[in-house]
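Contents: one structure, followed by commentary.
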Amino acid sequence: MRMSQLFAPTLREVPAEAETISHQYLLRAGMIRKIAAGIYIYLPLAQRVLQKIERIVREEMDKQGGQELLLPALHPADLWLESGRWDVYGKELFRLKDRHERDYCLGPTHEEVITDLVRREVSSYRQLPLLLYQIQTKFRDEIRPRFGLIRGREFTMKDLYSFDKDEEGLEVSYRKMYHAYSEVFRRCALEFRVVEADSGAIGGSASHEFVVIAETGESEIAYCDNCAYAANVERAEAARDVTESAEPRRELELVSTPGVTTIAEVADFLAVDPKQMIKTLIYLAIDKEEYYPVVVLLRGDREVNEVKLQNHLGCLHLALADADTVREITGAPVGFAGPVGLKDVRLIADVEVPSIVNGVCGANRADYHWVNVNPGRDFVVTEVADIHKVVAGDKCKVCGHALKTTRGIEVGHIFKLGTKYSEAMGATFLDEKGNKKPFVMGCYGIGIPRTMAAAIEQNHDDKGIIWPMPIAPYQVVVVPVNSRVEEQMKVAERLYRDMLEAGIEVVLDDRDERAGVKFNDADLIGFPLRVTIGSRSLQEGKVEIKKRRTGETMPVDIEEAVATLQELIRAEMTKGVSL
RNA sequence: CGGGGCGUGGCGCAGCUUGGUAGCGCACAUGGUUUGGGACCAUGGGGUCGUAGGUUCGAAUCCUAUCGCCCCGACCA
């Protein structure tokens with residue numbers, strides 16, 4: 001490809017709308033353009049990267065016995081009503097009607113469609129296991145699209161669905177995908193971690209996320225350096241502090257705390273450790289038709305993990321109660337809630353609460369707190385659950401070492417679905433004994449554009465993108481320093497032709513631009529290798545090869561340039577990690 | 001949806017407080033000089049100031065409504 005012909009409108013300035021590095025560079029390198037919030041055009045360079053990622057994905061899926069098919073993006077509402085998700089999925093589902101007023105939606109995921117297909121076409125255990133996948137456009141009316149390609153409303157996803165005859169089969173399929181995903185991201189040269197995850201709206205038992213480590217990521221993960229434990233903080237659990245305090249239980253006492261409401265203020269005012277406090281929060285658990293209040297107790301230094309809480313409650317949504325509801329339940333304004341004396345309301349204590357001795361909590365009365373509160377004595381704890389958020393420093397539940405936390409971008413997610421969809425939709429087969437059984441399913445997704453963006457978040461410097469070789473849009477750019485110098489152009493053209501013949505993916509920067517412009521564009525777009533042809537080295541019959549990542553340059557004889565490049569490319573293609 | 005911010009040539013911004021009929025840099029076009037890290041000179045084209053109402057002799061500027069976009073939170077690959 002000639003740079004003069006390449007449709008890659010690079011931008012010198014940073015577009016105001018872009019906050020994150022990947023978003024900025026994708027725009028500036030002329031790879032994407034936005035057409036509406038969360039909806040992007042992929043220009044030729046981006047398309048090449050996406051296709052390379054897809055190719056890697058296909059190869060790894062195929063290796064595990066996956067078969068590619070293509071499902072529709074437009075789904076009839078019937079299928080979603082059948083699975084029950086027409087109501088559950090909520091506003092995120094793009095819904096539309098056809099001319100006959102029939103309901104449809106744009107698929108945000110494809111469990112319904114694939115389950116429908118399989119229930120009609122597969123009837124015997126002999127046809128299992130079945131691994132079917134596609135690379136398809138998904139539509140999700142995200143509450144807030146953001147960070148460019150990281151969270152779009154339309155994006156391509158590879159989704160594979162596994163159908164097995166039993167749990168053991170699912171386990172095998174799940175492990176295959178776990179391995180395949182690790183291979184995909186390794187080949188994309190990404191630094192990632194596999195973490196235990198919450199399975200969220202898709203449902204099911206076990207699930208793992210593949211998280212690319214990046215400061216700008218939306219996911220927070222907790223992990224242990226000492227053992228293999230790693231989990232999304234939405235799910236992460238820590239070892240419990242079981243040290244029973246020997247301190248004698250003191251007499252319950254009401255103290256005046258005028259205008260002192262927050263944990264920090266109370267701790268300060270009464271000179272107690274926040275760990276001694278019982279944080280009392282009023283939530284509303286919201287289901288399809290109804291909602292009810294829940295009182296949640298935590299140690300004062302803890303935050304609620306709403307995902308855990310919601311899972312525990314099994315409700316659809318969760319919201320902090322408004323001031324009126326708080327007053328209704330506690331009889332006091334916000335800031336003075338406590339479990340002592342509360343009646344007729346569901347009370348859930350975090351696992352750490354029962355061991356608090358002589359604690360402090362609100363008195364359900366404006367401007368008063370209780371001190372020397374002892375769970376079990378001063379209020380009854382019937383429901384205990386792990387609902388606090390794990391933080392760095394908590395003990396690993398596996399080995400007891402201090403956990404660390406970091407942020408990352410979730411690029412892949414694998415789920416064991418079990419029989420959730422097959423049962424809801426009556427998808428069954430006959431087993432060896434002729435018994436009707438629901439398929440045991442799994443689903444496995446990779447966000448393709450997000451993977452591209454994550455690669456940029458992890459591979460860039462202040463000049464631009466540094467593509468890992470396996471997913472670079474082109475492997476080499478040839479830059480004649482001065483396109484008007486005939487000799488330089490001649491050598492450039494010859495090398496360009498030779499490279500094409502050798503199967504190297506190359507761009508020739510034949511533009512009549514100053515060297516600085518070409519160099520800067522080359523750095524911005526992020527070609528892993530650059531061949532510079534200038535008068536200096538040409539005098540000695542040499543050209544310069546420069547590695548984008550390290551900045552290392554090496555003069556090579558013109559005749560050896562192609563062979564050298566091939567060698568460098570080969571080395572980077574198989575390496576699997578960043579150079 | 002709650003909180004914050006922004007809509008002015010393709011991009012980045014000024015002008016708005018204190019109304020007087022739109023400007024700067026980059027990009028673009030033409031000519032010339034330049035050419036190893038985003039050149040210079042000259043000339044030129046391009047904007048219903050997001051949209052709709054209103055106030056006013058007069059609105060980018062003031063008022064109202066509305067749409068869009070970005071950032072922080074609830075959603076997820």
Side-chain angles (χ1 to χ4, degrees), chain A residues 9-20 23 27-28 30 33-39 57 89-93 108-109 135-160 181 197-202 207 209-212 217-219 232 234 286 306-307 310 316-320 322 409-415 443-454 463-464 479-485 488 511-524 530 532-538 543-544 546 551 553:
Chain A
T10 56
L11 264 28
R12 199 175 282 206
E13 285 170 285
V14 183
E17 68 183 48
E19 192 87 349
T20 48
H23 193 190
L27 287 166
R28 286 193 55 206
R33 287 295 183 261
K34 185 178 68 180
I35 192 166
I39 306 176
V57 168
Y89 219 89
K91 293 209 191 102
E92 223 170 286
L93 191 61
T109 169
I135 295 179
Q136 238 271 28
T137 306
K138 307 287 183 193
F139 299 87
R140 295 185 188 174
D141 197 355
E142 294 286 348
I143 293 164
R144 185 149 92 83
R146 65 178 134 181
F147 302 148
L149 298 187
I150 305 276
R151 177 174 301 279
R153 293 193 294 172
E154 177 185 320
F155 62 96
T156 34
M157 181 166 122
K158 183 288 305 179
D159 47 328
L160 183 144
Y181 274 42
D198 181 72
S199 46
I202 294 177
S207 106
E209 286 173 354
F210 289 73
V211 177
V212 169
E218 293 183 282
S219 307
N232 191 307
E234 288 177 350
I286 303 161
E306 293 192 355
V307 173
Q310 188 171 329
L316 225 49
H317 288 289
L318 207 55
L320 267 174
D322 53 284
I409 300 164
E410 180 192 352
V411 288
H413 201 157
I414 59 178
F415 299 84
C443 78
Y444 318 84
I446 293 178
I448 306 289
R450 184 182 274 192
T451 301
M452 173 167 75
K463 309 219 86 171
V479 180
V481 167
N482 187 337
S483 314
R484 296 212 178 155
V485 176
Q488 288 182 21
R511 296 175 301 170
D512 183 16
E513 289 284 357
R514 317 192 104 229
V517 173
K518 296 187 189 181
F519 292 156
N520 281 311
D521 274 346
D523 288 346
L524 178 61
R530 187 181 91 196
T532 314
I533 298 159
S535 43
R536 288 182 206 158
S537 46
L538 221 47
V543 295
E544 284 169 19
K546 181 169 185 174
T553 57

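To find a chain, count down the sequence lines: A is the first, B the second, and so on, and within it residues start at 1.
No engagement by A/V479 is indicated, since no non-hydrogen atom pair under 4.0 Å with the nucleic acid exists. Counting non-hydrogen atoms under 4.0 angstrom, A/I448 reaches nothing in the nucleic acid. A/K34 comes within 4.0 angstrom of the backbone, heavy atoms only, and of no base. Nucleic acid contact class of A/E209 (heavy atoms, under 4.0 Å, all strands): none. A/F210 comes within 4.0 angstrom of no nucleic acid atom, judged by non-hydrogen atoms across all strands. Among the protein residues, A/E17 comes within range of the sugar-phosphate backbone only, with heavy atoms under 4.0 Å from sugar or phosphate atoms but none that close to a base. Nucleic acid contact for A/G38: none, since no nucleic acid atom lies under 4.0 Å from a heavy atom of the residue. The residue A/F147 sits close only to the backbone: its heavy atoms come under 4.0 Å of sugar-phosphate atoms, none of a base.
No donor-acceptor pair under 3.5 Å is formed between the side chain of A/R153 and the backbone N or O of A/F139. A donor-acceptor contact shorter than 3.5 Å is absent between the side chain of A/R484 and the backbone of A/D512. A distance-only check finds a donor-acceptor pair linking the side chain of A/R28 to the backbone of A/L11 [under 3.5 Å]. Checking side-chain atoms of A/E209 against main-chain N and O of A/E410 turns up no donor-acceptor pair under 3.5 Å.
The interatomic distance linking A/E13 (CD) with B/C24 (P) rounds to 16 Å, in whole Å. Following rounding to the nearest Å, A/Q136 (CD) and B/A77 (P) show an atom-to-atom distance of 16 Å. Look at CG on A/L27: it is 11 Å from P on B/C70, rounded to the nearest Å. With rounding to whole Å, A/E19 atom CD is found 15 Å from B/G73 atom C1'. Nucleotide B/G73 holds its C1' atom 14 Å from the CD atom of A/E234, rounded to whole Å. Following rounding to the nearest Å, A/K138 (NZ) and B/A77 (P) show an atom-to-atom distance of 11 Å. In this structure, CD1 of A/I150 is placed 12 Å from P of B/C72, rounded to the nearest angstrom.
Remark: the separation of the P atoms in B/C13 and B/G7 is 9 Å, to the nearest Å. Between B/A14 and B/U8, the distance separating the two C1' atoms is 10 Å to the nearest Å. Going from the C1' atom of B/U61 to that of B/G54 covers 15 Å, rounded to whole Å. Comparing the C1' positions of B/G23 and B/G46 gives a spacing of 14 Å, expressed to the nearest Å. Using P as the reference atom, B/U30 and B/C71 are 38 Å apart when rounded to the nearest Å. Taking atom P in both B/A52 and B/G73, the straight-line distance is 36 Å, to the nearest Å. For the P atoms, the distance linking B/U17 with B/G45 amounts to 31 Å, nearest Å. For the C1' atoms, the distance from B/G20 to B/G9 is 23 Å, rounded to whole Å.
Residues A/D141 and A/K91 are not paired through a salt bridge, judged by the lack of any N-O separation under 4.0 Å between the basic side chain and the carboxylate.
Between A/T532 and A/R530, the closest heavy-atom pair is OG1-NE, 3.1 Å. For the residue pair A/S537 and A/V543, the shortest heavy atom distance occurs at OG-CA, 4.0 Å.
For B/G38, there is no paired base (Watson-Crick or G-U wobble, both distances below 3.5 Å). As the counterpart of B/G20, B/C57 is assigned, both hydrogen-bonding distances of the Watson-Crick or G-U wobble pattern falling under 3.5 Å. When both pairing distances are held under 3.5 Å, B/C11 makes a Watson-Crick or G-U pair with B/G25. Figure legend. B/G73 is base-paired to B/C1; pairs are counted as Watson-Crick or G-U wobble with both atom distances under 3.5 Å. Pairing partner, B/A52: B/U64, with both Watson-Crick or wobble hydrogen-bond distances short of 3.5 Å.
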Readout for nucleotides 32-41 of chain B: B = base within 4.0 Å of protein heavy atom, S = sugar-phosphate only, - = neither; 5' to 3' it is --BBBBBB--
How does protein reach along nucleotides 1-7 of chain B, written 5' to 3' as B (base within reach of a heavy atom under 4.0 Å), S (only sugar-phosphate), or - (no contact)? -------
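No side-chain heavy atom of A/N520 sits less than 4.5 Å from a side-chain heavy atom of A/R12. Using a 4.5 Å heavy-atom cutoff, the side chains of A/L27 and A/E17 are in contact. Residues A/S483 and A/R511 fail the side-chain proximity criterion, which asks for heavy atoms closer than 4.5 Å.
At the phosphate of B/C72, OP1 or OP2 sits under 4.0 Å from a side-chain N or O atom of A/R146.
For B/C76, its base never sits under 3.5 Å from the side chain of A/R140 at any donor and acceptor pair.
Where A/M157 and A/R153 each meet RNA chain B at their nearest nucleotide, the meeting point lying more 5' is that of A/R153. Each of A/L149 and A/V14 was assigned the nucleotide of RNA chain B with the nearest heavy atom; the assignment lying further toward the 5' end belongs to A/V14.
The aromatic rings of A/F210 and A/Y181 are tilted relative to each other, their planes meeting at an angle between 30° and 60°.
A/K518 contributes atom NZ, which lies 8.0 Å from atom CD of A/E513 (distance to the nearest 0.5 angstrom).
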